[in-house]
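Each chain gets a letter, A, B and so on, in the order its sequence line appears, and its residues count up from 1. Scope of the values below: all heavy atoms of this structure, side chains included, with no hydrogens, waters or symmetry mates.
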Amino acid sequence: MHPKLSQLVFDASENKEDEECSDVPILKVESECLEKVVEFLKHYEQEPLKEIKSPLEDNTFEGVVKQEWYRNFVQEVDSPMLFDLVTAANFMAIQPLLDLACLKVSCLLMGKSSEEIRIILNIPQMTPQEEEHARREHRWIFDD
Amino acid sequence: MVFNINPRTMSATNNINIDSVSLFDDDDSLNKICFDFDDPKGKSWCTSSDNSSCCSLCRLPNDVDEDARDFEHGDDDADSLSDLEALETLNDLVSFSTSAAAPRQAAPLSMAQANPNNNTFAASMMSTSDQVSLPLKRQACYCSSSSAMMMPSLFNTCAECQSTSPTLPNRSTYFTQFASKNSSFLTRHHHSCTQLSPAFPPSSVPAPPDFLTAGFLPEDPVYSILTFLDVRSLTTLRLVNTKLRSMASDNNAGWKHHCAALWSRKVRVCDDARRLFDQANAAEDDAAGRRASNGWRSSAMEAYKTSILEAESVNEITEDDLCFDLATDRSGVKWSFRFKESAGLDWTSWDPWWKNGPARKLVFLRDGSILQAHPPGRSTIVTTHNGTPLYDVFSERLVQRNGVDIIPPRIEMRWRFVESSMDLPSRPDGAYVRITVGGRDVPTYVVRRSPNGNWGFIMESCWGLYASFELASREDATSSLGVGRRALRRTRNGSRWVNVDDENNVEDTEEDNIGRRNVRRRVNLFVEESAMTVTGVSQWREALLYNIGAVTLPEGNHASSQFDAAWQNALLLR
């Protein structure tokens, strides 16, 4: 596994005075999530993920991520694990995993209504007055 | 009903202004949450089946004294409190705690009238606006005393006795002891029961925190997510809640990329939008300094919005939009010009566009003159602006007399704005441009946005067309969608690609033909006369006056009526 892919691990290993002990504690990442991160890193060593550029060339996840293994990697996880992966990738500073997980989240949100987004993200309702106020602010984009 | 509570003033309003309405375990939030109850007989309080960490109401703050945590499940004795006493106790608790936090006097508490249908529970962390909302669920809690009245309480119904208990502390003993030790404590209760009242559905269990906005994710990955979204998704996200509205409006949400992508397809973007975009760029370089000004964080989004709104609402041009010599070191628009077929062969015969070449390039100068840039053939330079040589219009023409080519006299062209035109409705300033050719007014040019959606302007009369962008040549416009490319379409019954102009394909159905006609209509927008909006019919008065030799065309609001009167007289005399 490429230690330099995670900036956190790389920095921690660089700072270790005791060269015999190569363990780096990752305290803020759950073990189940960390397993997925390790799985990603191991595969990345064999097949690096192609850079995901913004703005996207395609509106679909499959259109942007052409590599099948990476597509399947995020398709298999549920929403809580997906957000855990985002957190873990951010914490461990693994940019390719962060890009991939963030892209998947974006694709989940793309084209959805505000109500559907609330369901996906588990966010409580706004009041009708709040939503009406917000819609009035954006009439320029919603009036076709 | 959800109330918005300002913990400093303790004033409650019905307006919601929350940054985050989801629940999460955070001791800081516990210290900041206040409650406002406006109805002593109201029945709003927390519901929970678990006192571990279901919500901030059910969980004791860490700094609560151990003694204060324990008080017995009360029964019907002298320690039980009446409704009013309970309310007064709560008032005292909140007043004491808020007075420690802020010197302002807290508003008196009252019981909130909860929406009985509201099964959601949310207690939000203090946002920068210090607004908190707390929708509370109705809960029955009976005191086992003689009173059968519903007693307002913050606690669950006791599963043991079903008639609950004095869940509020004895004022005389507890309050004095506790308040002196725990000034930040707002309220507390003791859960001796772990079962909800059977009258309320188990779905009242508080939901887990939301994934995005409640501090679950740091800002950087959230912005990474937002940068992948398209514009419509970003604006939809702003409808979700206040926190997302703020983040989705931020420059870091990818709005600069959206601006660049949109504007790359447009020939003109208004100055206000560009100024906002520059502000967003400058803000990155000087984040600390600009943070003091309002709106800098969302200036890229405002730039995007402003550009679209301006393109949709502004259909008239200014001198800045029209002129080439705006400043000595700055060059403006070069207008593409061609005659319409209705102008006649005398004009179209030596129009380069009608010979399948590029359209003539004319420039409007601030002194009211019109000159030509890059004329085909031989011409004499009249002036130079910002390194661009400018020539008399039509100066490359050659006229033959007795078999000898001669250079015809110079044709001076001038321009001015007119307020209204004889044949056309009233519009704001900048809608009509009158051009004089060789000292004679020609029919007015009507300004409008380009119908191909590139935000450019066109000026059109019954005989000529100006465009503020490169006009497709006649050959390109009739044969393809772009220079060097052909327009193709699929046949209906298979996967074959055929040329758009191919009308002999036996596999085509009527629907295919309609599709082809639609494609042709879009491509030929500036070729076919039927695509034009200003014709000899709509400008017949001005065209007629020009043709009978008028030097100056009337203008103003009464021009049409004066012409009509003169026309009627002429007919009568005839």
Side-chain angles (χ1 to χ4, degrees), chain A residues 52-56 59 61 64 79-80 82-91 93 95 97-144, chain B residues 1-2 14-18 20-23 118 120-122 124 133 135 206-214 216-245 249 254 257-258 260-261 304-306 308-309 312-313:
Chain A
I52 299 171
K53 292 180 183 172
S54 171
L56 300 177
N59 279 345
F61 185 75
V64 177
S79 285
L82 181 62
F83 285 94
D84 284 343
L85 281 174
V86 173
T87 310
N90 182 65
F91 172 68
Q95 192 60 41
L97 178 59
L98 182 64
D99 289 345
L100 183 68
C102 288
L103 175 66
K104 181 61 183 173
V105 174
S106 302
C107 292
L108 287 178
L109 303 178
M110 218 174 287
K112 301 288 193 301
S113 67
S114 55
E115 188 55 47
E116 288 168 326
I117 291 174
R118 287 197 194 95
I119 293 170
I120 292 169
L121 299 180
N122 213 30
I123 296 174
Q125 283 270 4
M126 287 176 100
T127 63
Q129 293 83 358
E130 275 192 304
E131 184 155 348
E132 177 57 31
H133 174 70
R135 283 194 178 274
R136 246 184 285 121
E137 275 188 340
H138 300 297
R139 197 166 295 155
W140 59 279
I141 193 75
F142 287 103
D143 288 347
D144 287 330
Chain B
M1 185 179 298
V2 179
N14 288 349
N15 297 323
I16 301 301
N17 181 16
I18 49 177
S20 168
V21 287
S22 48
L23 196 61
N118 182 9
T120 61
F121 178 91
S124 71
S133 74
D210 76 89
F211 293 124
L212 208 57
T213 62
F216 188 84
L217 288 178
E219 280 195 350
D220 284 345
V222 175
Y223 283 127
S224 294
I225 293 169
L226 298 182
T227 54
F228 289 132
L229 292 175
D230 58 5
V231 170
R232 185 170 283 268
S233 299
L234 269 178
T235 50
T236 304
L237 219 61
R238 293 187 80 225
L239 299 176
V240 174
N241 69 8
T242 312
K243 177 72 174 178
L244 275 176
R245 182 168 71 209
S249 311
H257 289 302
H258 291 307
Y304 190 96
K305 183 170 81 171
T306 301
I308 290 179
L309 289 175
E312 289 179 355
S313 62

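Of the two parts of A:Lys112, only the backbone, made up of N, CA, C and O, holds a non-hydrogen atom closer than 4.5 Å to a non-hydrogen atom of chain B. In this structure, chain B has heavy atoms under 4.5 Å from both the backbone and the side chain of A:Leu103.
Considering only heavy-atom pairs separated by less than 4.5 Å from chain B, the leading option among A:Ile117, A:Val64, A:Ile52, A:Leu82 is A:Ile117.
Tested against B:Leu234, the residues B:Leu229, B:Leu244, B:Thr227 include a single side chain to side chain contact (heavy atoms under 4.5 Å, CB included) partner, B:Leu229.
Interatomic distance, OG1 of B:Thr235 versus OH of B:Tyr304, reported as 9.0 Å (0.5 Å rounding).
Looking at A:Ser106, its side chain does come within 3.5 Å of a backbone N or O of B:Ile225 through a donor-acceptor pair.
Proximity of A:Val86 to B:Pro221: side-chain heavy atoms (C-beta onward) are separated by under 4.5 Å at one or more points.
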